[in-house]
Amino acid sequence: MATPRAPPQAAVPGGGAGAAAGGVTMRMFHGDVFLGEAEVFPMKQGAEGSLPFPSNEIRISHLSPTSERCPPLAILQTIAPFSVRCKLQAKLMPPHPSLHRLYLTCFNEYKSAVVVVGDEELHLVAMPSKVEKVPCFWCCSVRSGIYAASVGMLNLRCLAIVFDLDETLIVANTMKSFEDRIEMLSRRMDIEDDPVRIAGMSAEIKRYIEDRELLKEFIDTDTVTDNGRIVGTQKEEVLPISGGQERVLRPVIRLPERNAILTRINPEVRDTSVFVKLRPAWEDLRSYLTAKGRKRFEVYVCTMAERDYALEMWRLLDPEANLISSHNLAERVVCVKSGSKKCLQNVFKDKGCHPKMAMVIDDRLQVWDEKDQPRVHVVPAYTPYYAPQAEMANAVPVLCVARNVACNVRGGFFREFDENLLRKVFELMYENEFLDLPYAPDVGDYLVCEDTNFAPNNKDVAPIPEGMSGAEVGKRLNGLAYPRDQKQIPSSTRLSDDDGVALRGIPGGTNIQSNGGSLATTPSLFVTVLQEIGRLCESRVEFRSTVSSGKNMQFSVEVLFSNEKIGIGIGKTRDEAQVLAAEKALQNLESNYLSFMAPVAGVLNKDVNKPPGSGNGFLEDITLSEDISMEEPSGSTLKEQDHSKALDRLSSVISLIRELCLEDQHVVFRDQVRDSGSALNGEYHFQAELGGQILGRGIGLNKDFAKLQAAEEALKTLKTTTDPQIKKHLRPMQQLNFPLYPTQR
């Protein structure tokens, strides 16, 4: 039962400022019980202001579920923004007792009175009024069923998350797909001249052959020999997903040290055996979704794979059915025809959840409907054979990144819901206009889009597809092979996983390094590492963004760590600004940590450049992830300064630059494209700009030294310039009083 509110005042006859002049009198019923007459006022005039009630009567079919903490108008504004169709109020004074009781029940218990019209629900929301004591309502329209599904999720502070399977969470192969991939790589080796690539392909073939032999042993004997140890099958029961289904026991071998599982889709047919590799850190992501028995996300699966295969792959990922219960499995695992677009509205079948409250984890963006793409978190494709060490090479594993993104999205969504939408909804009165309704949060507002144009640093041939997906699954499991002429793959590209999807290995694709290498470090790593530090420290990390009102329309993002500002970034896009802010925040955190530890440890600053595996395991994750060098950059004025001092100096220089500039003007550091010579030397090139004017340039063996050099040159320029195009961005000089260079700390 919701906490009762104070009895409201009622509406001004005539519908208030938001309603069109002149109401229509209609009879109200709850089922067959007459409630009295009401005057109905359309919110808009003309054709758009037609009243939604058929036969000019209002017949309530039922009351909505009780909401524990969210008033109905807040729920409706979230799932159907600005859908207020009309206002209505009791015509008689005093009102009919039944209508008065209905009004008080809805108002105090956070319910709405529902009128069903076709596939649409009209929700009558009890509203307080400024004047007379008569029942008054706003009428909002929403698709049938969506309100009942959303009220529980919003009260529990729960969103929806949709997973892709193949190359997002798993890679699976049959004997036939193993053989095809081995043959494909062998043909590539025959035409390859580069010995490094040949060695990489040879290692990849070896990994395929090793797993193929395990699968063959499983097919023949129901056992595998793993590092000299014979492992037998376990019969795992498949929970029925519909009434009357027979009990099914599948032979399964789990090899946790290999992160692999062998299973048989049809227990009676050995050729349907599959070797499955699970993506590392899946347990971390899964435990977050179900931590402490608290449901943070409703889980769905959307894949282009064949249904029996998809159900078994998900059972392997969620063996205890903690994420999707067995009675929800049939509707929660959605299989899309290969080549067609995935769509959140089809995933939820119009009732399970509103797309605005859902995020997607997938290795492909373009397979999703365009309107859903802002809600997709794109992960690099899982490639355990091509790059087996790539998953764990980054500071934070890919699925831990996804976990942090999900946590950040959920936190941002409900912070906006609680602090903005709920607060303003409680202030609304019957006399308000529907345009007074506040903005409703959308999951897409809190997802940082990945830089799909990030240029790869290596020239290696892109990998071949590593597992089955789409229409291939059914053909593999049914023993149908592709025609030989369809297996020819150009040496410069990788086949798409899904029909109609852009190829990898070309600009815009996911960047994966050569065999045994690591995933290329994308700019979003700064954001990810910062979120991971916040999680480990049990501190909230927030990104707050604004848009400059100047001509440049630049974005500014501040980073708050436990409500303390630790970084700011400015860029042409919100993503660029967020990455710069996160980078600066990490530098400040590191600097503060070193300053805090120096009096205690004494020599910690001297040990920052230790190789991985030494030290306390905290600093290495941050500093070594960007390959920060302690050596002096060629041509730099720095003389063997350690990294923390360089960061302190950079912070001081930037502070002085800000003192010189007007409040709405900011110096922007841009990473310049390196030529082939400097790229081979590992140099970074940065330039400092103000209002489109270049103030200074810097070159260094890491980003921070290059930025510092550019910042010092920019500070000199600002102090000595006579250029009117630059001086117009500066404060009057008589207001300033500080030395040309910051003092060393």
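Predicted model only: the values in this text are computed from it and were never measured. Both backbone and side-chain heavy atoms feed into the values below; hydrogens, waters and symmetry mates do not.
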Spatial distance of atom [atom1] ([X]) from atom [atom2] ([Y]) [nearest 0.5 Å]:
{"X": "Glu236", "Y": "Thr263", "atom1": "CD", "atom2": "OG1", "answer": "7.0 Å"}
{"X": "Leu399", "Y": "Asp284", "atom1": "CG", "atom2": "CG", "answer": "8.5 Å"}
{"X": "Arg181", "Y": "Tyr386", "atom1": "CZ", "atom2": "OH", "answer": "15.5 Å"}

Given Tyr300 and Phe348, is the ring-ring contact (aromatic ring centres under 6.0 Å, His included) satisfied, shown in steps?
CA-CA 9 Å; Tyr300 293 78; Phe348 302 132; 4.8 Å; yes
With a 3.5 Å distance limit and no angle check, can you tell me whether Tyr382 reaches the backbone of Leu278 through a side-chain donor-acceptor pair?
yes
Mind checking whether [X] and [Y] have side chains closer than 4.5 Å, heavy atoms only?
{"X": "Met304", "Y": "Cys335", "result": "no"}
{"X": "Arg296", "Y": "Leu289", "result": "no"}
{"X": "Gln234", "Y": "Arg254", "result": "no"}
{"X": "Leu156", "Y": "Lys295", "result": "no"}
{"X": "Leu317", "Y": "Leu165", "result": "yes"}

Output, in order, the C-alpha distance, side-chain angles, deciding distance and verdict of side-chain hydrogen bond (donor to acceptor under 3.5 Å, both in side chains) for Ser144 and Asp119.
CA-CA 5 Å; Ser144 178; Asp119 60 354; over 6 Å; no
Parallel, tilted or perpendicular, as decided by the 30° and 60° cut-offs, for the rings of Tyr208 and Tyr385:
parallel
Would you please classify the geometry between the Phe417 ring and the Phe414 ring as parallel, tilted or perpendicular, with 30° and 60° separating the classes?
perpendicular
Return yes if a side-chain donor-acceptor contact under 3.5 Å exists between Thr272 and Arg264, otherwise no.
no
Option from Glu237, Arg315, Lys235 for which side-chain contact (heavy atoms from CB on, under 4.5 Å) with Arg250 holds
Arg315
Smallest separation among heavy atoms of Val162 and Cys302, with atom names
CG1-CB, 3.7 Å
